[in-house]
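Okay, so here's the structure we're looking at.
Order of the sequence lines sets the chain letters (A, B, ...), proteins ahead of strands, with each chain counted from 1.
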Amino acid sequence: MEVVLEDINELIKQRIRKLQELRGLGIDPYGHPYETTHKAKELLTQYTDKSASELENDPIECSIAGRIIAWRSFGKAAFSHIQDESGKIQVYFRKDVLDDKFKITKKLDIGDIVGIKGTLFRTKTNELTILVKDFTLLTKSLRPLPEKWHGLKDIELRYRQRYVDLIVNPEVRETFVKRTTIIKFIRDYLEKEGFLEVETPMMHQIPGGAAAKPFKTHHNALGIDLYLRIAPELYLKRLLVGGFERVFEINKNFRNEGISTKHNPEFTMLEFYVAYKDYTFLMDFTEKMLTELLYHIHGTLQIPYGEHTLDFTPPWQRITMYDALKQKGVPEEVIKSHERARDYARSEGIDLRDIHSHAKVLDEIFKEKVEPYLIQPTFVIDYPVELSPLAKRKKDNPELVERFELFIASREIANAFTELNDPEDQKARFLKQVEDRERGDEEAHRMDEDFIRALEYGMPPAAGEGIGIDRLVMILTNSHSIRDVILFPQLKPEKPK
RNA sequence: GGGCCGCUAGCUCAGUCGGCAGAGCACCGCCCUUUUAAGGCGGGUGUGCGGGGUUCGAAUCCCCGGCGGCUCACCA
């Protein structure tokens, strides 16, 4: 195999030279399995109380593996820090311990992955350190890492080369560990509450369950176009028809829309459905699940987010959409009258280009006048039916639906409703959506005959909710861009060389 | 998609009335057996994002393009 690595600068050439020298000494620069006894952090915590003399009288043998992230060499000795998944620990190479092998250290670089065997001791400054008795090169690194002091700051490089970001910026690793902890907590919580985790299709013949533009693809053998799902909702409800009473799915959704600090084309959504309950149950449920999550992650219900302190102490405010509007000074007549609403919106400088219906005008006014002020966790409830084609109408006011959105830090974190299970009403709502679509609303829902058929078999009264996991993780990790909580966010392609 | 800002060494960044391209860290050579942003001496390693233009001369000024950031729009 004769492959020439491209993009060679002097620094990489030097490392390739060292690699060849190592091969010349019979050392495989790309290593083999290596047995370790500890992680770096385990050593530091486990032996934190051992004094220098205790370690000297009763030597503790250990072995670790990890990446060299610092190197301070003297003529016949060198200090280094080795970083593994858990953290880092100092190691000490001495010529009088390693004899001939010490000269191999001259061929090591920051970034190389090594295995270390040795005994623990304490330095003059009392730092717990491994005295290296033997070491093994496990992987030669050919590219220099960013400098130790400033790390990798360039945002573009951090996203494009997340692997480097993870090596040099420990807080990035913490964020993603926290992300996993959050998802695992939610999964365990739902299972404990009797929910069954399921997987429904990512590829839909009819993209449904949300108002959004889909990604389109093509299945060659079937000869049909397919869409990446914009939501799992209609499939999860089919499972309610099938007899499952509590189901959830945590998985990706895909929406072919703009990219921003709050939007990535693929994002992670939790959706869960409960038979025989309504949206008031879900508000209580959500409040409880998220407060327990807060305790689990932070041990407190008050957490910082940017300039704010978010207080998750229940009960969270519940306010109807219309009351929220009124509270921000939107006159009652604006809510009642389409003409007044349009005038009001215009007077507030709200762009109504493609907005026609009364409900959508009110929604625009809501986004402008209310959303920015929804900092503390708030359930906004009872939306106009037109905005919610899959939600059940309120008994006492059929123009509204039993729906809530949970806002935290001005962001929509959850969307939930009592599910519409009347097939006739559902069909009528789909038809209305189809009309909107024909009038040019690309995001209107499509008719899904099979979903109607499922409802005709009978779906129990139920409530369902979606929680945007990425946005929730942003809140809980004090992150201001969704790209900081997605390991490999979508970017434009790099310029070809 | 619009507006504004940015792109200089591996990394973090200076530098412009238009006049030989710089620092710290990293790296290379030499010295150094308890350092930890180790230290001392010596060394600058570069497609200045790409392409055009103006000019005796462009990292710097102008135009076109690329990528990124912020923001607005979009995203109920």
Side-chain angles (χ1 to χ4, degrees), chain A residues 7-15 17-18 52 69-81 88-98 102 106 109-111 121-127 129 131 141-161 164 168-169 210-213 230 255-265 267 321 349-351 353-355 357 359-364 366-367 371 383-384 386-389 391 403 405 411-412 415 433 436 441-445 468 480-483 489 491-497:
Chain A
D7 186 27
I8 301 289
N9 68 31
E10 190 55 36
L11 297 174
I12 295 178
K13 280 185 191 154
Q14 284 161 1
R15 287 177 178 229
R17 209 172 300 133
K18 287 181 187 174
I69 57 161
W71 190 266
R72 296 175 293 279
S73 82
F74 301 81
K76 300 186 180 64
F79 284 96
S80 173
H81 272 91
K88 60 185 181 178
I89 188 168
Q90 182 167 257
V91 302
Y92 185 36
F93 297 87
R94 289 176 65 108
K95 187 168 193 302
D96 58 9
V97 175
L98 292 164
F102 187 77
K106 309 290 184 195
D109 285 297
I110 290 175
F121 75 104
R122 284 191 185 276
T123 63
K124 280 179 180 167
T125 55
N126 213 36
E127 180 168 349
T129 301
L131 176 65
S141 169
L142 298 181
R143 287 179 181 266
L145 288 173
E147 63 138 313
K148 56 198 167 193
W149 196 240
H150 296 91
L152 184 65
K153 287 254 194 307
D154 185 298
I155 291 177
E156 184 175 355
L157 282 182
R158 287 188 44 223
Y159 295 152
R160 285 199 198 281
Q161 301 183 33
V164 179
V168 301
N169 294 326
K213 294 176 203 151
I230 55 176
R255 297 188 183 177
N256 203 342
E257 288 157 359
I259 296 178
S260 77
T261 50
K262 299 182 193 66
H263 302 85
N264 195 61
F267 60 99
M321 181 185 179
I350 297 168
D351 182 6
R353 261 180 303 176
D354 303 318
I355 312 291
S357 74
K360 286 192 176 169
V361 172
L362 290 181
D363 193 40
E364 291 299 313
F366 180 86
K367 277 192 270 182
E371 268 192 28
Y383 286 72
E386 197 205 334
L387 297 177
S388 318
R403 171 182 175 188
E405 292 197 316
R411 290 191 170 82
E412 179 197 335
N415 179 24
Q433 291 287 314
D436 289 351
D441 182 353
E442 277 188 80
E443 287 165 3
H445 290 237
H480 293 272
S481 172
I482 198 168
R483 296 181 197 106
L491 299 176
K492 286 193 190 179
E494 276 184 90
K495 185 177 35 178
K497 285 213 199 86

Angle class for the Phe121(A)/Tyr92(A) ring planes (parallel below 30°, perpendicular above 60°, tilted otherwise)?
tilted
If the C1' atom of A37(B) is compared with that of U45(B), how far apart are they to the nearest Å?
22 Å
Listed by chain and number, what are the side-chain hydrogen bond (donor to acceptor under 3.5 Å, both in side chains) partners of Glu371(A), not counting sequence neighbours?
none
Phosphate oxygens OP1/OP2 of A37(B): is one of them under 4.0 Å from a side-chain N or O of Arg72(A)?
no
With rounding to the closest Å, how many angstrom separate the C1' atoms on A26(B) and G44(B)?
13 Å
Taking CD1 from Ile155(A) and P from C70(B), how many angstroms apart are they, rounded to a whole number?
6 Å
For nucleotides 26-33 of chain B, list the nitrogen or oxygen atoms of the protein found under 3.5 Å from its nitrogen or oxygen atoms, one pair per line.
from   : atom 1 : to        : atom 2 : distance (Å)
A26(B) : OP1    : Lys148(A) : NZ     : 2.7
C27(B) : O2'    : Gln14(A)  : OE1    : 2.1
C27(B) : O2'    : Gln14(A)  : NE2    : 3.3
C28(B) : OP1    : Lys18(A)  : NZ     : 2.4
C28(B) : O4'    : Gln14(A)  : NE2    : 3.4
C32(B) : N3     : Gly75(A)  : N      : 3.4
U33(B) : OP2    : Lys76(A)  : N      : 3.2
U33(B) : O2     : Arg94(A)  : NE     : 3.2
U33(B) : O2     : Arg94(A)  : NH1    : 3.0
U33(B) : O2     : Arg94(A)  : NH2    : 2.8
U33(B) : N3     : Arg94(A)  : NH2    : 3.3
U33(B) : N3     : Asp96(A)  : OD2    : 3.3
U33(B) : O4     : Asp96(A)  : OD2    : 3.4

Can you tell me the base-pairing partner of A26(B)? Count Watson-Crick or G-U wobble geometry only, both distances below 3.5 Å, and say none if there is no partner.
U45(B)
With sugar-phosphate meaning primed atoms plus P, OP1 and OP2, does Ala70(A) contact a base, only sugar-phosphate, or nothing at under 4.0 Å between heavy atoms?
nothing
Using the P atom as the point on both nucleotides, what is the distance between C32(B) and G24(B), in whole Å?
24 Å
Which value, in whole Å, describes the distance between the P atoms of nucleotides C13(B) and G6(B)?
14 Å
Just call it for Lys367(A): base, sugar-phosphate, or nothing, with non-hydrogen atoms closer than 4.0 Å on any strand.
sugar-phosphate
When you compare C4(B) with G65(B), how far apart are their P atoms, in angstrom units rounded to a whole number?
14 Å
Expressed as a whole number of angstroms, how long is the span from Arg158(A):CZ to G10(B):C1'?
18 Å
Are Arg483(A) and C70(B) close enough that a side-chain N or O sits under 4.0 Å from OP1 or OP2?
yes
Those residues that, when tested against Arg158(A), pass side-chain hydrogen bond (donor to acceptor under 3.5 Å, both in side chains) (two or more places apart)
Asp165(A)
Would you indicate which nucleotide in U35(B), G68(B), U12(B) comes nearest to any side-chain atom of Phe79(A)?
U35(B)
Would Glu156(A) and Lys492(A) count as a salt bridge (charged side-chain N to carboxylate O under 4.0 Å, His left out) here? Give the steps.
CA-CA 10 Å; Glu156(A) 184 175 355; Lys492(A) 286 193 190 179; over 6 Å; no
If we take the P atom in both A21(B) and C5(B), what is their distance in whole Å?
28 Å
Partner of G1(B) by Watson-Crick or G-U wobble geometry, both contacts under 3.5 Å, or none?
C72(B)
Under the rule for side-chain hydrogen bond (donor to acceptor under 3.5 Å, both in side chains), what residues qualify as partners of Arg483(A), not counting sequence neighbours?
none
Taking the side chain of His150(A) as heavy atoms from C-beta outward, which of A76(B), G69(B), U12(B) is closest to it?
U12(B)
If you look at every strand shown and take non-hydrogen atoms under 4.0 Å, does Phe267(A) touch a base, only sugar-phosphate, or nothing?
nothing
What's Leu387(A) touching, base or sugar-phosphate or nothing? Going by heavy atoms closer than 4.0 Å.
base
Does Glu443(A) reach a base, just sugar-phosphate, or nothing at all? Heavy atoms under 4.0 Å.
sugar-phosphate
Any side-chain heavy-atom pair of Ile259(A) and Pro265(A) under 4.5 Å:
yes
Could one point to a donor on the side chain of Gln90(A) or the base of U35(B) with an acceptor on the other under 3.5 Å away?
yes
Output all residues satisfying salt bridge (charged side-chain N to carboxylate O under 4.0 Å, His left out) with Lys76(A), sequence neighbours left out; order by chain, then residue number.
none
Show each protein N/O and nucleotides 3-6 of chain B N/O combination with a separation under 3.5 Å, one pair to a line.
none

How far, in whole Å, is U47(B) from G66(B) if one measures between their C1' atoms?
15 Å
Tell which nucleotide pairs with G6(B), taking only Watson-Crick or G-U wobble pairs whose two distances are both under 3.5 angstrom.
C67(B)
Assuming nearest nucleotide by heavy-atom distance, tell me which of Ala211(A) and His480(A) is located more 5' along RNA chain B.
His480(A)
Closer than 4.0 Å, any side-chain N/O of Asn9(A) to the OP1 or OP2 of U45(B)?
no
Rounded off to whole Å, could you give me the NZ-to-P distance for the Lys262(A) and A73(B) pair?
10 Å
Do you know which two heavy atoms are closest between Pro493(A) and Arg160(A), and how far apart they sit?
C-NH1, 4.0 Å
How far, in whole Å, is C70(B) from C27(B) if one measures between their P atoms?
33 Å
For U54(B), which nucleotide is its Watson-Crick or G-U wobble mate, given both distances must be under 3.5 Å?
none
Lys492(A) side chain N/O closer than 4.0 Å to the phosphate oxygens (OP1, OP2) of C67(B)?
yes
Do the non-hydrogen side-chain atoms of Leu387(A) and Arg403(A) ever get within less than 4.5 Å of each other?
yes
Hunt down the Watson-Crick or G-U wobble partner of U16(B), both distances under 3.5 Å, from any strand shown, or write none.
none
Report yes if some heavy atom in the side chain of Arg72(A) is under 4.5 Å from a heavy atom in the side chain of Gln90(A); otherwise report no.
yes
